[in-house]
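Position 1 is the first residue of the sequence, and the numbers go up from there. Below, all heavy atoms of this structure are taken into account, side chains as well, without hydrogens, waters or symmetry copies.
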Amino acid sequence: MSSAWRCESSLCHSQGSVDLVSALLQPRILWAGMMRLGTFGILLALVRTTAACEFGPLPYSVTGIVCRMTKPAALLLNQETAQVIQAAFRNAKFPNVTGERSVRFLGKVAYGLTNIQVNNLSIEQSEVELKENDAIDIAIKNVTAVFKGTLNYGYAGVWFLQLFHSVDFEIESSIDLQINIKLMCQEDQVAADASDCYLTFHKLALHLQGDKEPGWLKQLFTDFIAFTLKLVLKSEVCEEINFLAQMLANFIHDLAANFVQDEDIKLDISLASVPLIKANYLETHHKGLVRYENYSDVFSDSLFSPTLLSESRMLYFWLSEHILNSLASAAFLDERLTLTIFGEKLQALFEIEETETQRKAVQMIFQGTSYNDSVAKVWSLTRPQISVQPEGTVVKSVVAVEISIFPPGKEPLVALYMEKEITVTIQAAYAEKKLILHPLDSRTEFKAFKCTADPSRNDKSMRNFLQKMILVTGIPEVISSIELTLTSLMNSKGLNLFEIRSPEIITRKGYLIVQLDFSFPDHLLLDFLEKTLYN
């Protein structure tokens, strides 16, 4: 059996499907997503060569992100090739075809095919094959199409008699396409050369209006037209395919760049080394450097090895812990690591138990002021330090907590201020289109403490209660807020549009791996083609 990956007829005839991928890391999160725009778009967006790019001598020296797309993913993406080929045929601007020939007894016969349009286009199957360290080969089998238009012809006989006629025509065709896509890297962005494109004609039958014209005339024009029409079709269709390949590659690159940017925080996804094209997967290595104002993110080593990723899932992302540290630093500098809590949420934090200690602590802190007239502010005093370990992602930071009360008729008052060094291990997951962060093994240590109602700081029960409150409800509340914020951020980038199946986030010392299978809504590719080609 051929090593090519096939899209059979039941799949290739679907009307209106797409898949987009995309890919990569959201700013400030542990997750990644990928969308597909058919074989052309996603393969071109992921795979890049060194034609116009320079890389250092060490292949993984500045690798922060690695993306691997395996054979099952490429097979799924190839199902959408039909949509791209159909768009190429329908959007091709076929020129008028003209010709002239001398015929015995008739003199010179001139003809022209005008208003050529494509109808009833279908594709039986497509195959995609990765040629190791070479190119992506796509074979489109049995493209059937009917070309309609107008045939104008005339001839000047030996008796100087000139006759001109105009009839409608149909041309039934059956064509195979072979497209060999060469990939180039230009300014760290993929450029695709799909000019190596071949059309093989198995059928090219001309039908004049109602087949009322004499048989000799039909045969005459079929012979005249066939060769010229083949050249025109090859030129226009292959040119349109090349155009679409470039367009889809640029579109997905821009999409990915936007996906890993949130306001002033950006992630550099330019290539870090030569990509790998294997028989069973594609693999690309990206710098993953964080860009934020004057913040300079530099690292010169990577823990990545190709053996860390397998081939059983459709899509893999390898992420260095350096990226998470850098994103956390950028978020800290951008003053994003703050949280305000009031009202019912503030009440839920402090009323974790009905005991005398709890009632006394609440009375001392809030001094009879209601929760609705109080506010708690939590923020990070230092840049969070993140390390990835087998048990999860460990986050360490010095955090400040300030509770202000606004007694009716009195001046606002800072009732409580404390600083704590907090270390928490987090396990991350993604389910039902939501990011889930589960805190484990939380540890805290007081660095500073001031309570207006206890200026001597002698009330140990107050500290014990606050310690318990922070561990039991405080840290989970902060992490829950982060979950909501990051899920909203991902949804704003469109991740919720895609069907991500059985995602896993696996942590190891110094890095994490995201692995998943995927499928996507059917309308995205058609929406893209309509907006891009037909507007």
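Of the inter-residue distances, the one linking Glu129 atom CD with Asp137 atom CG reads 6.0 Å to the nearest 0.5 angstrom. In this structure, the separation between OH on Tyr430 and CD1 on Ile436 is 10.0 Å, given to the nearest 0.5 Å. Separation of atoms CG (Asp268) and NE2 (His286) is listed at 10.5 Å; rounding is to 0.5 Å. Going from atom CG of Leu199 over to atom CG of Leu177 covers 4.0 Å, rounded to the nearest 0.5 Å. Here the straight-line distance linking atom CD1 of Ile116 with atom CG of Asn96 works out to 6.5 Å at 0.5 Å rounding. In this structure, CD1 on Ile505 lies 9.5 Å from CG on Leu516, to the nearest 0.5 angstrom.
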Ser302 and Tyr511: side chain to side chain donor-acceptor pair (under 3.5 Å), yes or no, with the steps?
-> CA-CA 10 Å; Ser302 173; Tyr511 63 89; over 6 Å; no
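Between the Arg68 side chain and the Trp318 main chain, no donor and acceptor come within less than 3.5 Å of each other. Put simply, the side chain of Thr393 never gets that close to the backbone of Val388: no donor and acceptor are under 3.5 Å apart. Side chain of Ser173 to main chain of Ala145: a donor-acceptor pair is present (N/O by atom type, distance under 3.5 Å, no hydrogens or angles). Listed for the Ser488 side chain is no donor-acceptor partner under 3.5 Å among the backbone atoms of Leu484. Here the side chain of Asp517 pairs a donor or acceptor atom with the backbone of Met314 at under 3.5 angstrom.
Each of Asn142, Thr144, Asp176 was compared with His202 under the side chain to side chain donor-acceptor pair (under 3.5 Å) criterion, and only Asp176 meets it. The only member of Arg336, Lys493, Arg291 that meets salt bridge (Lys or Arg N to Asp or Glu O under 4.0 Å) when paired with Asp262 is Arg336.
Residues that satisfy the side-chain contact (heavy atoms from CB on, under 4.5 Å) test with Tyr198, not counting sequence neighbours, are Gln178, Asn180, Asp196. Scored by the side chain to side chain donor-acceptor pair (under 3.5 Å) test, Asp297 finds His322, Ser326 as partners (sequence neighbours excluded).
Electrostatic pairing of Lys203 and Glu172 counts as a salt bridge here, judged by a charged N lying under 4.0 Å from a carboxylate O. In this structure, Lys433 pairs ionically with Glu499, as a charged nitrogen and a carboxylate oxygen lie closer than 4.0 Å. Taking 4.0 Å as the cut-off between side-chain N and carboxylate O, Glu504 and Arg313 count as a salt-bridged pair.
At least one side-chain heavy atom of Ser310 sits under 4.5 Å from a side-chain heavy atom of Tyr316. Residues Leu267 and Ile65 form a side-chain contact, since some pair of their non-hydrogen atoms from C-beta on lies under 4.5 Å apart. Counting heavy atoms from C-beta on, the side chains of Leu303 and Arg508 never come closer than 4.5 Å.
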